[in-house]
S.K.: 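Can you read through this structure? Questions will come right after.
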Amino acid sequence: MRLLLVEDEHDIQTFLKQALADAGYQVDVAPDGKTAEALATSTAYDILIVDLGLPDVDGITLILCLRHIGVHAPVLILSARRSVDDRVRGLEQGGDDYLTKPFALAELLARLRNLLKRNSPGGGEATRLRVLDLELDLLRREATRSGQPLQLTPQEFVLLEYLCRNAGRVVTRSMILDKVWGMRIQPDTNVVDVHIYRLRGKVDGNGQQPLIRTLRGVGYVIKER
Amino acid sequence: MSSKSDRPVMHSAAWRISLWATLAFACGTLLVFVFIERFVAHDIQRRSDAWLSGEVETLGDVAERTPNDALYDRVVSEVAELASKEVPNRQPSESPANDTVFFLQTGRDGTLKLWVGDGDGRANLKAIQATRVVSGRPTDIRVPGFAIPFRVATDSMNDGTRIYLGLSERDEQRVLLKLRGSFFFMWLSLVLLGFFIVFYTTRRTLSHVREITEAASRIGHSDLNARVPTSKRHDEMGHLALTLNRMLDRIEISMHQLHTITDSLAHDLRSPLTAIRGKLETSLSVVRDAEYTDSIVSAIDELDRLTDFLNKSLDVAEAKADALRLTPTEIDLDELLRAMTDLYEPSMSERGLHVNLLSEGSLTILADAGLIHRMIANLFDNELKHLTSGCTVTVNLRAVGSSASLILRDDGKGFDQEIQSQLLERRVKGKNSSGHGLGLAFVDAVVRAHGGTVEASNAARGGAQISILLPIAREGMMRGHGQVSATSA
């Protein structure tokens, strides 16, 4: 996957480039709009990350300009602004996504994956999810571990489904709050942790191999190992 | 226009102004009409007096010249009859008998000598004698049997007799009555016409004012680039609209400056925060030592708290200046509270707390989803942090009039007495609170920005109580959201 990172802040550039490279992206960096335009016209990128506060040009103007010259790769907009511009909303409706600074790396990666998935013709929706011996029937809303049915509340099922859909990938607390509860909030209490703790009690309870793992300071991951 | 239909005309300023103006106009015109009527009445009186004096003189002449023989009575009564035909303002009488004029001559001894007129004249003589009638000055005489008084002029003869000529005031009064009648109708139509003209013009003028008011109230926090309608005429209304628009220009500029300041502050702080967080996360994936991991994790947590604090501070600062930017969408509070209770319930029961949601069902408000979510999460976080094991939180949602009432009540220790009066202020927190003291100020800021109110107090039975009122979304508001502005409380 070839990715163009348009970001002027050196510190952010460095760690993002590293993190994206670790995640398997081939990263080019443009510190300003002019370089970004030159790079985007000469190279075909699969995805772009564009910061709104560039030194020479406004990020949105740059995106619209790139669209105009035929660059149709999806864009993840990074913004340090407080309010979401109407034009950003417009781009969001057009298939792009935005993320406010500061962000968790896991969330950035998840959004990139989502953008790429949205733009690739994927297969039909699966009706079953499987992670090792954990199985989810999405139609009947039932989960089993090693063939034993799990007594889950509807909310717990949604949470487990979200973790399984992202199996092997870290999800942050705010991603869980957003996707499972539909809230973009930042509680300063351990509300999500308690939900995970309860879910873990049901999924990994009977001395089985622990599936749901906590990555301290980052989030949670369901792993097949 | 909606306000036309939902406000009765009687309560409008145009109605009041027209009423007062009409009252003044009616009094003025009434005075003028009364004056004219007095003047005309006086003139009619003067004319009939002149006629009476003239006639009585003529009759006196005739009586004196006519020899006092058998023919005297006839000649004098003929002349008197003739005179009665020339009565001024004469109206055709319904009765054939001549009851408008009488002629009367008394002898030297005051007895009735000659009578021309209706009846035998005795009553007339009696009435004349009861009143003192002097020559040259006609006087009103009331005769029993006649509803209307007579105007009587007199003249004394050389032979010591006296002649009296009486003229009924009936015709005069009839003329005056007719005059008064037409004056009254004229006055009434003038007053009504005046009322309608005043009402129409004030209503037209005030409709401009109402348009301006409606436009101005529409222009809230998020819709500051709109302006009130200006008219082409350079009158007071035009000036009002222009002045309002100039004021809005200034507000927009200062609000824009505030936004620029908070934006650049946010930007300047968030960029380094992003870099720090990213570096911490990167090192977290490399470091395997548990001791380091712990410090890095807590650093990330602190950083997230700092970010949240920064966001809330800027939101509260903007809300204090009535400059909070909102993106209103429809939010079902019932649904949201259920989700929120569901989210917080495990953490609460973990700490030995109970939570009860009492809701009367779906209640939709038009609000900024992000802010409302954070505001309610804040309330739940507060309960979670400050209550001791065994307490119960009751969340009550119901409609009160046109507002959604959300009451959060607990049976804990309640708020510290010292900070009771300033709970909603920034940096105010209880002695044992570990927070920034922003929580309730943030709640207050969000609710106010949406046109609602917050009350925080200790309930009578103990425990803290937070009551929030938020306006329920109306049909009309739903259609145009995006441009709808929240009005400040």
Side-chain angles (χ1 to χ4, degrees), chain A residues 7-16 18-19 22 51-53 78-86 89 99-106 108 153-156 170 172-174 176-178 180-199 215-218, chain B residues 259 262-263 265-282 284-285 293-294 296-301 303-305 307-309 311 314-315 318 325 327 336 339-340 342-351 369-370 373-378 380-381 384-385 435 482:
Chain A
E7 165 69 64
D8 62 319
E9 304 269 344
H10 185 258
D11 283 348
I12 300 175
Q13 240 180 48
T14 323
F15 91 80
L16 266 186
Q18 183 60 48
D22 288 350
D51 180 51
L52 284 191
L78 294 185
S79 165
R81 290 178 193 169
R82 276 169 38 69
S83 62
V84 183
D85 198 290
D86 285 341
R89 256 180 252 288
L99 190 60
T100 13
K101 289 179 179 176
F103 47 82
L105 273 174
L108 178 94
T153 65
Q155 202 67 51
E156 283 167 343
V170 188
T172 65
R173 290 177 183 80
S174 53
I176 291 174
L177 283 168
D178 188 8
V180 179
W181 277 275
M183 295 174 198
R184 280 202 174 185
I185 56 176
Q186 202 120 55
D188 49 2
T189 46
N190 63 343
V191 279
V192 178
D193 303 322
V194 177
H195 277 276
I196 295 281
Y197 175 79
R198 285 197 171 186
L199 183 66
L215 284 169
R216 299 203 45 222
V218 185
Chain B
H259 287 160
T262 53
D263 279 348
L265 184 63
H267 181 268
D268 292 350
L269 286 170
R270 276 175 181 179
S271 292
L273 281 175
T274 313
I276 297 169
R277 202 187 191 285
K279 282 177 188 163
L280 284 172
E281 268 197 88
T282 320
L284 195 63
S285 61
T293 313
D294 275 355
I296 294 173
V297 165
S298 79
I300 290 179
D301 282 348
L303 213 63
D304 286 346
R305 257 200 284 280
T307 308
D308 187 47
F309 172 69
N311 290 341
L314 293 176
D315 281 341
E318 281 196 356
R325 285 162 282 192
T327 310
L336 175 61
M340 210 53 98
D342 185 82
L343 174 64
Y344 277 86
E345 199 278 324
S347 310
M348 293 223 173
S349 63
E350 197 91 335
R351 296 201 49 181
H373 287 183
R374 280 164 61 207
M375 185 270 281
I376 292 178
N378 210 306
F380 277 84
D381 274 342
L384 198 52
K385 278 188 282 183

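Here is how names work: the chains are called A, B, and so on, in the same order as the sequence lines, proteins then strands, and each is numbered from 1.
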S.K.: Within a strict 4.5 Å, meaning less than it, do heavy atoms of the B:I296 and A:R216 side chains meet?
M.R.: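 Not in contact.
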S.K.: Hey, mind stepping through A:V191 and B:L384 against side chain to side chain contact (heavy atoms under 4.5 Å, CB included) and telling me if it holds?
M.R.: CA-CA 9 Å; A:V191 279; B:L384 198 52; 4.2 Å; yes
S.K.: For each of B:I300, B:L314, B:D263, tally heavy-atom pairs with chain A at distances under 4.5 Å, and name the one with the top tally.
M.R.: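 Between B:I300, B:L314, B:D263, the count favours B:L314.
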S.K.: Give, for atom NE2 of A:H195 and atom CD of B:E350, the distance between the pair rounded to the nearest 0.5 Å.
M.R.: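 Here the rounded value is 10.5 Å.
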S.K.: Heavy-atom cut-off 4.5 Å, strictly under: side chain, backbone, both or neither for B:N378 against chain A?
M.R.: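 Contact with chain A is absent: no heavy atom of B:N378 under 4.5 Å.
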S.K.: Give, as side chain, backbone, both or neither, the part of B:L336 having an atom under 4.5 angstrom from any heavy atom of chain A.
M.R.: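 Both the backbone and the side chain of B:L336 come within 4.5 Å of chain A.
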S.K.: For B:D268, which atoms come within 4.5 Å of any heavy atom of chain A: side chain, backbone, both, or neither?
M.R.: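 It is neither, since no heavy atom gets under 4.5 Å.
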S.K.: Under the side-chain hydrogen bond (donor to acceptor under 3.5 Å, both in side chains) test, which residues partner A:T172, sequence neighbours left out?
M.R.: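 Listed in chain order: A:S174.
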S.K.: Test side chain to side chain contact (heavy atoms under 4.5 Å, CB included) on A:T153 and B:D342; report intermediate values, then the result.
M.R.: CA-CA 11 Å; A:T153 65; B:D342 185 82; over 6 Å; no
S.K.: Any chance you could measure B:T307, atom OG1, to A:F103, atom CZ, to the nearest 0.5 Å?
M.R.: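 Reported to 0.5 Å precision, the distance equals 11.5 Å.
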S.K.: For A:I185 and B:R374, work out which heavy atoms get closest and say how close.
M.R.: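 Scanning both residues, the minimum pair turns out to be CG2-N, 3.6 Å.
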S.K.: With respect to B:P346, which candidate in A:L199, A:D193, A:V194 satisfies the side chain to side chain contact (heavy atoms under 4.5 Å, CB included) definition?
M.R.: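 Of the listed residues A:L199, A:D193, A:V194, the side chain to side chain contact (heavy atoms under 4.5 Å, CB included) partner of B:P346 is A:V194.
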S.K.: Could you tell me which of B:P272, B:A377, B:A266, B:S271 has the largest number of non-hydrogen atom pairs under 4.5 Å with chain A?
M.R.: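 The option with the most such pairs is B:S271.
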S.K.: Let me know if A:A106 has heavy atoms under 4.5 Å from chain B in its side chain, its backbone, both or neither.
M.R.: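 Only the backbone of A:A106 comes within 4.5 Å of chain B.
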S.K.: Is any side-chain heavy atom of B:S349 closer than 4.5 Å to a side-chain heavy atom of A:R198?
M.R.: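 The answer is yes; the side chains approach within 4.5 Å.
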S.K.: Can you name the nearest heavy-atom pair linking A:P187 to B:Y344, along with the distance?
M.R.: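 Nearest pair, atom of A:P187 first, then B:Y344: CB-OH, 3.6 Å.
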S.K.: Check the pair B:L343, A:M183 against side chain to side chain contact (heavy atoms under 4.5 Å, CB included), reporting the backbone distance first and the verdict last.
M.R.: CA-CA 10 Å; B:L343 174 64; A:M183 295 174 198; 4.2 Å; yes
S.K.: So what's closer than 4.5 Å to chain B heavy atoms on A:L215: side chain, backbone, both or neither?
M.R.: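 Neither part.
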S.K.: What part of B:S298 lies closer than 4.5 angstrom to a heavy atom of chain A: side chain, backbone, both or neither?
M.R.: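 B:S298 has no heavy atom closer than 4.5 Å to chain A.
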S.K.: Need one label for B:M340: side chain, backbone, both or neither, based on atoms under 4.5 Å from any heavy atom in chain A.
M.R.: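 Backbone plus side chain of B:M340, per the 4.5 Å heavy-atom cut-off to chain A.
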S.K.: How about B:L273 and A:K101: do any of their side-chain heavy atoms sit closer than 4.5 Å?
M.R.: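 Side chain of B:L273 against side chain of A:K101, heavy atoms only: no contact under 4.5 Å found.
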S.K.: What part of A:R184 gets within 4.5 angstrom of chain B, counting heavy atoms only: side chain, backbone, both, or neither?
M.R.: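 Only the backbone of A:R184 comes within 4.5 Å of chain B.
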S.K.: Top residue by heavy-atom pair count (under 4.5 Å) with chain B, among A:A19, A:S79, A:A104?
M.R.: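 Of the candidates given, the most pairs with chain B belong to A:A104.
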S.K.: Are B:S347 and A:N190 packed together at the side-chain level, in the sense that at least one heavy-atom pair is separated by less than 4.5 angstrom?
M.R.: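 Counting from C-beta outward, B:S347 and A:N190 do come under 4.5 Å.
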S.K.: Working to the nearest 0.5 angstrom, can you tell me the gap between A:L108 CG and B:E281 CD?
M.R.: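 A:L108 atom CG to B:E281 atom CD measures 9.5 Å (nearest 0.5 Å).
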S.K.: Let me know if A:Q186 has heavy atoms under 4.5 Å from chain B in its side chain, its backbone, both or neither.
M.R.: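 For A:Q186, backbone and side chain are both near chain B.
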S.K.: Counting only non-hydrogen atoms closer than 4.5 Å, does A:T100 touch chain B with its backbone (N, CA, C, O), its side chain (CB onward), both, or neither?
M.R.: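 It is the side chain, since no backbone atom gets that close.
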S.K.: Please tell me whether B:R351 and A:T189 have a donor and an acceptor in their side chains that are separated by less than 3.5 angstrom.
M.R.: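 Judged by distance alone, the side chains do not pair up.
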S.K.: Okay, side chain of B:R270, backbone of A:A80: is any donor-acceptor separation there less than 3.5 Å?
M.R.: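 Yes, B:R270 side chain to A:A80 backbone: donor-acceptor pair under 3.5 Å.
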